[in-house]
Amino acid sequence: MALTPSPAAESAKPKAYSGVAMALHWVLALALIGLFAAGTYMVGLSFSPLRLKLYNWHKWAGVTILALSALRLLWRFTHRPPALPTAMAQSMPAWQHWAHEGTHYAMYALFFIVPLLGWAYSSATGFQIVLFGQFPLPDLVSASKELAETLKPLHRLAAWSLCALVVVHVAAAFKHQWIDRDGLIGRMLP
C-alpha cells in the first residue's frame with residue numbers, strides 16, 4: 001500500500017528543503033567523508049607527530065560534527081521537510097518508504113552515537129579532548145583500559161555502519177536522479 005499525503009498536508013510543506021537544511025546537509029556530508037577518510041588513514045600510521053595531529057584533528061572534527069548534528073536535528077524538529085513528490089509517493093512500494101525513513105533515522109542516530117563513542121573512548125584512554133587546542137572538554141567516562149578496549153571497536157563499528165548507510169543514501173539518490181528521473185535530489189540542491 002503506497003503512502004499518499006493529503007493535498008492539504010502536501011501544500012503545507014515546501015517543495016524543497018530550506019537553505020539552512022541544505023547547508024547543514026552538505027557541510028555535514030563533506031565533514032563526515034573527510035573525517036572518515038582521516039580516521040581510516042590515521043589508524044595505520046606509526047607513532048609520529050603527524051599521527052598525533054591527525055588524532056587531535058579527528059577529535060575536534062568529531063565534536064564539531066556532534067554540535068552540527070544537534071543543530072541539524074533541532075532545525076529538523078522546527079522546520080518541516082518537504083513532502084515526497086506525489087507521483088513518487090504513490091508509486092513507491094511500502095518497503096521503500098520504510099527503507100527511506102529507516103535509513104534517515106539510523107543516520108541521525110549514528111550522527112550522535114559515533115562521536116559520543118569516540119569521545120568516551122578518548123576519555124577512557126586518559127586523553128582529554130581539548131577542542132582546537134584551547135577548550136578542554138569534560139571527560140565522559142573515567143580512564144579505564146578495559147573500557148577503552150570495549151569502546152574502540154564499538155566506535156569503529158558505528159563509524160563503518162554510518163559509512164554503509166551513507167553509501168545506501170547516496171545510491172538511492174543516484175537511482176532517483178538517473179534511473180527514476182523523478183527530481184527527488186533537487187529538493188536538496190540550491
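Heavy-atom basis, side chains included; hydrogens, waters and symmetry copies ignored. Predicted model only: the values in this text are computed from it and were never measured.
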Any non-hydrogen side-chain atom of [X] less than 4.5 Å from a side-chain atom of [Y]?
{"X": "Trp119", "Y": "Leu66", "answer": "yes"}
{"X": "Ser48", "Y": "Leu52", "answer": "no"}
{"X": "Tyr105", "Y": "Leu110", "answer": "no"}
{"X": "Thr64", "Y": "Phe132", "answer": "yes"}
{"X": "Trp160", "Y": "Thr40", "answer": "yes"}

Check your understanding: Is the distance between the ring centroids of Phe111 and Tyr108 less than 6.0 Å?
Key ->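 Between Phe111 and Tyr108, the centre distance is under 6.0 Å.
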
Is a side-chain donor or acceptor of [X] paired with a backbone partner of [Y] at a separation under 3.5 angstrom?
{"X": "Arg187", "Y": "Ala83", "value": "yes"}
{"X": "Ser123", "Y": "Leu140", "value": "yes"}
{"X": "His97", "Y": "Pro93", "value": "no"}
{"X": "His79", "Y": "Trp75", "value": "yes"}
{"X": "Arg51", "Y": "Ser46", "value": "no"}
{"X": "Gln128", "Y": "Leu137", "value": "yes"}
{"X": "Thr78", "Y": "Leu74", "value": "yes"}
{"X": "His176", "Y": "Ile185", "value": "no"}
{"X": "His155", "Y": "Val114", "value": "yes"}
{"X": "Trp26", "Y": "Met188", "value": "yes"}

Reported [atom1]-to-[atom2] distance for the pair [X] and [Y], which is rounded to 0.5 angstrom:
{"X": "His169", "Y": "Leu162", "atom1": "NE2", "atom2": "CG", "answer": "11.0 Å"}
{"X": "Leu84", "Y": "Met92", "atom1": "CG", "atom2": "CE", "answer": "6.0 Å"}
{"X": "Phe36", "Y": "Tyr41", "atom1": "CZ", "atom2": "OH", "answer": "16.0 Å"}
{"X": "Thr103", "Y": "Glu101", "atom1": "OG1", "atom2": "CD", "answer": "9.5 Å"}
{"X": "Leu151", "Y": "Leu147", "atom1": "CG", "atom2": "CG", "answer": "4.0 Å"}
{"X": "Arg80", "Y": "Ser18", "atom1": "CZ", "atom2": "OG", "answer": "14.0 Å"}

Report whether [X] and [Y] are members of the same hydrophobic cluster (ILVMFWY, side-chain heavy atoms less than 4.5 Å apart, transitive linking).
{"X": "Met22", "Y": "Leu68", "answer": "no"}
{"X": "Leu35", "Y": "Val27", "answer": "yes"}
{"X": "Leu71", "Y": "Val20", "answer": "yes"}
{"X": "Val166", "Y": "Phe174", "answer": "yes"}
{"X": "Leu189", "Y": "Leu30", "answer": "no"}

On a heavy-atom basis, which atom in [X] and which in [Y] lie closest, and how many Å separate them?
{"X": "Pro82", "Y": "Ala16", "result": "CG-C, 3.7 Å"}
{"X": "Ala120", "Y": "Val141", "result": "O-CG2, 3.4 Å"}
{"X": "Ala38", "Y": "Trp57", "result": "CB-CZ3, 3.3 Å"}
{"X": "Pro115", "Y": "Gly62", "result": "CB-O, 3.5 Å"}

Check your understanding: Got a sec, which residues hit side chain to side chain contact (heavy atoms under 4.5 Å, CB included) with Met42, two or more places apart in sequence or on another chain?
Key ->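 Checked Met42 against side chain to side chain contact (heavy atoms under 4.5 Å, CB included); matches are Leu54, Tyr55, His58.
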
Exercise for review: Check step by step if side chain to side chain contact (heavy atoms under 4.5 Å, CB included) holds for Leu73 and Phe112.
Suggested key: CA-CA 10 Å; Leu73 187 61; Phe112 292 91; 3.9 Å; yes

**Study point:** Positive for side chain to side chain contact (heavy atoms under 4.5 Å, CB included) with Met107, one of Leu165, Val168, Leu28, Leu32
**Key:**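 So, applying the side chain to side chain contact (heavy atoms under 4.5 Å, CB included) to Met107 and each of Leu165, Val168, Leu28, Leu32, only Leu165 qualifies.
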
Review point. For Lys175, does the NZ atom sit with more than 12 other heavy atoms under 6.0 Å from it, leaving out its own atoms?
Key: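 Atom NZ in Lys175 is packed in, count exceeds 12.
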
